[in-house]
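Keep in mind that the numbers below use all heavy atoms, side chains included, and drop hydrogens, waters and symmetry copies. Note that the coordinates shown come from a computational prediction; the quantities given were computed from them, not determined experimentally.
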Amino acid sequence: MNKLDELCVNTIRFLSVDQVEKANSGHPGLPLGAAPMAYLLWDRFLKHNPADPKWFDRDRFILSAGHGSALIYSLLHLYGYDLSLEELRRFRQWGSKTPGHPEYGEVPGVEATTGPLGQGFGMGVGMAMAEAHLAAVFNRPGHEIIDHYTYALVSDGDLMEGVASEAASLAGHLQLGKLIYLYDDNHISIEGDTKIAFTEDVGARFEAYGWHVQHVADGNDLDSLENALNHARTETGRPSIIVVRTHIGYGSPKQDTGSAHGEPLGQEAWKATREKLGWPLDKWFYVPEEAAAHMGRAREQGAARQREWEKKFDAYRQAYPAEADRLETALRGVLPAGWEGAVPEFQTGDGPMATRNASGSVINGLMKAVPALFGGSADLAPSTKTLMKEMGDFEPGNYEGRNLHFGVREHGMSAAVNGMALHGGVIPYGATFLIFSDYARPSIRLAALMKAHSIFVFTHDSIGLGEDGPTHQPVSQLLSLRSIPGVTVFRPADANETAAAWKAALQAKGPVVFALTRQKLPVFDPGKFTVKEGAAKGAYVLAEAEGGAPQVVLIGTGSEVQLALQAREKLEAKGIRARVVSMPSWEIFDAQDEAYRRSVLPTDIPKLAVEAGSPMGWRHYVGDGGDVVALERFGASAPGPEVMEHLGFNAENVAARAAALVQK
């Protein structure tokens, strides 16, 4: 390492250490050990423009080991992004741009929200999938306008998490040659040496996954690191991982100990580290002029690279104007003109129809009108109805294909979907059964935190699926997903509500979840019911009381809306006037103005909600004087109608519970 490189590496190290020390909170160990490889990557390989962090053909860099956030903040500042030294001084403080773990959308240059270990690893796989697909679709000989890499810095903890194993296996199968990960192999986790729980041969494991594996024995050896990265970039048929032996807390008295991981060095160790590495004791947040000038070149270099790319794109537009227009539309996240006309409208004669089947029809109606639609299932496409017919499979040798096969990897699938959404140019979806949303939930939560346009299609949404029994019958999952801030959940009651939900999902600004039935449901007559307009508002009056003002309001979602309609008939026969409200989305209904909400759910009329799931949360809509027909137990293995009947989801029980409210 020459003197200039050493100066730059130590600048990164001590800017990071000073952030943690000033905040008296954070993780100094990773930046001290991993700064050399991060510097080398950013200085000699990473294609980026600090003045335009959203330039599309940039390389992506993910700090999957997000606890080491001080490292990326130092890099962003030094390489010219809009992140001031003052923001570094405000590390982990209220309102700063330097939160405890990197947050997408909050910090310019941060490509993904990381910290929950393994998530960045999975999102990087999704980014590489999106890049491969778009390059295959749009590039032409002599016009390679999409040509970038996805890099990540991953840790021991990342590789211990199951989501990383799922994503790594998928990436190896897909032969994603432009995916390159640097593994910070420092042998330390919070509890101490990793030998207490993590003794596998990581390199052999990744070779078995189909990755190109290299080892660098000394994380301070920039020449070996550079050689390894060059080899990784020339390996086009496999993703690459470079196992870099580093020392956590390098240069400090806490080097190679668990205490270097997640706590400030403390003043004595802070001083000793500076003395050992030759850094001034009297200068906090010190950036030597020579280091600043060297790393600051990235702004000029990045701007030049972007200008060069823009010239290439202009030439591409001249040669392929239709493709250029389509690509620009996709990159802006704009839906093509006239796309709504491709959404089918269902008639009563089309039913009965499971909402999963209706969703499949919508996907296939949209697939040509919205070419950015890109997705698949965790080995359940025949059941989730998410296959796009005639669109081909995304596989090595056919990255143009739009049907993704994630294998039985729900967590890895969901992380990859988030990565695709963050990459841009595609509208990604992933599908499985609602019960297995439990395996996907950490990634769905991160999608919400990032406001990522990720779509999750969950079918087999209730005890109504029947014989598979309680292991596969969701009860608490709807509540769990609705409880995540920023997630929009749709549980449509028929085919046309499903179509309306897809229209809303494509235009959403954050993650969307579908909960769809396996069992068949009647199709509401679009000429009689205002399904499309009503579903777009989250809830609406599906059937009004006859003969006067309603005495009770029945609220249903999904398959239970049909049950509410049947109960309404029984109540009307007894002289009780009942209104039926379909509520496919709590979140969208809650966003309507108060006048509309009160017009649908008047405060002075008793209300009964019916949903084959947890009753929690429904009190918000029915009030203290209302009631909920729901589940406070698991389901059972039997034909679906029998399970519903035995557990109280029948018209007689719903009507009786509603009548009791009226008679109070």
Side-chain angles (χ1 to χ4, degrees), residues 478-479 482 489-494 496-497 500 521-522 524-525 528-632 644 647-664:
L478 275 170
L479 171 67
R482 287 169 175 157
V489 179
F490 282 103
R491 189 170 185 242
D494 86 325
N496 284 312
E497 281 196 7
L521 302 174
F524 302 140
D525 183 350
K528 180 180 177 182
F529 300 104
T530 58
V531 175
K532 290 188 291 185
E533 300 83 354
K537 293 185 176 182
Y540 63 103
V541 177
L542 178 64
E544 187 55 280
E546 295 183 1
Q551 295 170 280
V552 66
V553 177
L554 307 179
I555 314 168
T557 76
S559 51
E560 287 72 72
V561 173
Q562 300 295 335
L563 187 57
L565 289 169
Q566 295 165 14
R568 172 180 173 271
E569 291 181 5
K570 293 186 177 295
L571 290 166
E572 297 283 357
K574 295 179 180 180
I576 299 175
R577 299 184 302 275
R579 169 187 288 184
V580 172
V581 168
S582 178
M583 186 180 282
S585 174
W586 286 11
E587 298 79 20
I588 292 181
F589 180 65
D590 289 347
Q592 304 306 310
D593 62 55
E594 184 178 2
Y596 177 77
R597 287 185 281 114
R598 293 292 173 247
S599 73
V600 175
L601 300 178
T603 57
D604 57 346
I605 300 175
K607 302 168 205 56
L608 175 72
V610 189
E611 186 172 69
S614 170
M616 295 180 68
W618 277 110
R619 285 290 168 195
H620 175 66
Y621 300 102
V622 303
D624 291 339
D627 193 9
V628 185
V629 177
L631 286 165
E632 298 192 71
M644 297 289 275
L647 295 181
F649 291 91
N650 56 71
E652 291 77 12
N653 182 49
V654 173
R657 297 274 285 270
L661 291 176
V662 175
Q663 294 161 6
K664 274 187 179 180

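For R579 (side chain) and P550 (main-chain N/O), no donor-acceptor pair under 3.5 Å exists by modelled atom type. With hydrogens and angles disregarded, a donor-acceptor distance shorter than 3.5 Å links the side chain of R568 to the backbone of A578. Remark: the backbone N or O of G626 is paired with a side-chain donor or acceptor of R619 at under 3.5 angstrom. Judged purely by atom type and a 3.5 angstrom limit, R598 has no side-chain atom pairing as donor or acceptor with the backbone of P602. Checking side-chain atoms of E560 against main-chain N and O of A612 turns up a donor-acceptor pair under 3.5 Å. At distances below 3.5 Å, at least one donor-acceptor pair connects side-chain atoms of E587 with backbone N or O atoms of V489.
Here the shortest heavy-atom pairing between Q592 and A536 reads NE2-O, 4.5 Å. The minimum heavy-atom distance linking A493 with S582 is given by the pair CB-OG, 3.9 Å. Annotation for A535 and A500: closest pair CB-CB, 3.7 Å, computed over non-hydrogen atoms. A549 and A545 make their closest contact through C-CB, 4.5 Å (heavy atoms, listed as atom of the first residue, atom of the second, distance). Pairing each heavy atom of I576 with each of Q551, the nearest pair is CA-OE1, 3.3 Å. Nearest heavy-atom pair, A564 versus V580, reported as atom, atom and distance to 0.1 Å: O-CG2, 3.7 Å.
Distance check: L631 CG to L479 CG gives 12.5 Å after rounding to the nearest 0.5 Å. Note that CD1 of I555 is 4.5 Å distant from CG of L601, once rounded to the nearest 0.5 Å. In this structure, CD in E632 is found 12.0 Å from CG in L647, a value given to the nearest 0.5 Å. The distance from atom NZ of K537 to atom OG of S599, rounded to the nearest 0.5 Å, is 7.5 Å. Rounding to the nearest 0.5 Å places CG of L563 at 6.5 Å from CE of M644.
By the 6.0 Å contact criterion, CD on E533 is enclosed, its count of non-hydrogen atoms from other residues, nucleotides or ligands being greater than 12.
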Problem set entry | Residue pair F524, E497: steps toward the side-chain contact (heavy atoms from CB on, under 4.5 Å) verdict | CA-CA 9 Å; F524 302 140; E497 281 196 7; 4.2 Å; yes
Problem set entry | From CA spacing to verdict: side-chain contact (heavy atoms from CB on, under 4.5 Å), R597, E594 | CA-CA 5 Å; R597 287 185 281 114; E594 184 178 2; 3.6 Å; yes
For this session: Decide side-chain contact (heavy atoms from CB on, under 4.5 Å) for L565 and Q562; before the verdict, give the C-alpha distance in whole Å, the side-chain angles of both, and the deciding distance to 0.1 Å.
Result: CA-CA 5 Å; L565 289 169; Q562 300 295 335; 4.0 Å; yes
For this session: List the steps and the verdict of side-chain contact (heavy atoms from CB on, under 4.5 Å) for Y596 and V600.
Result: CA-CA 6 Å; Y596 177 77; V600 175; 3.6 Å; yes
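Side-chain atoms of V610 and R657, non-hydrogen and from C-beta on, never get closer than 4.5 Å to each other. With contacts defined as side-chain heavy-atom distances shorter than 4.5 Å, the pair K607/V581 does not qualify. Side-chain contact between L571 and L554: present, with at least one pair of heavy atoms (C-beta onward) separated by less than 4.5 Å. You'll find the side chain of V622 stays beyond 4.5 Å of the side chain of D627, heavy atoms only.
Ring-plane geometry between W618 and W586 is classed as perpendicular, the angle between the planes exceeding 60 degrees on a 0 to 90 degree scale with a lower cut at 30.
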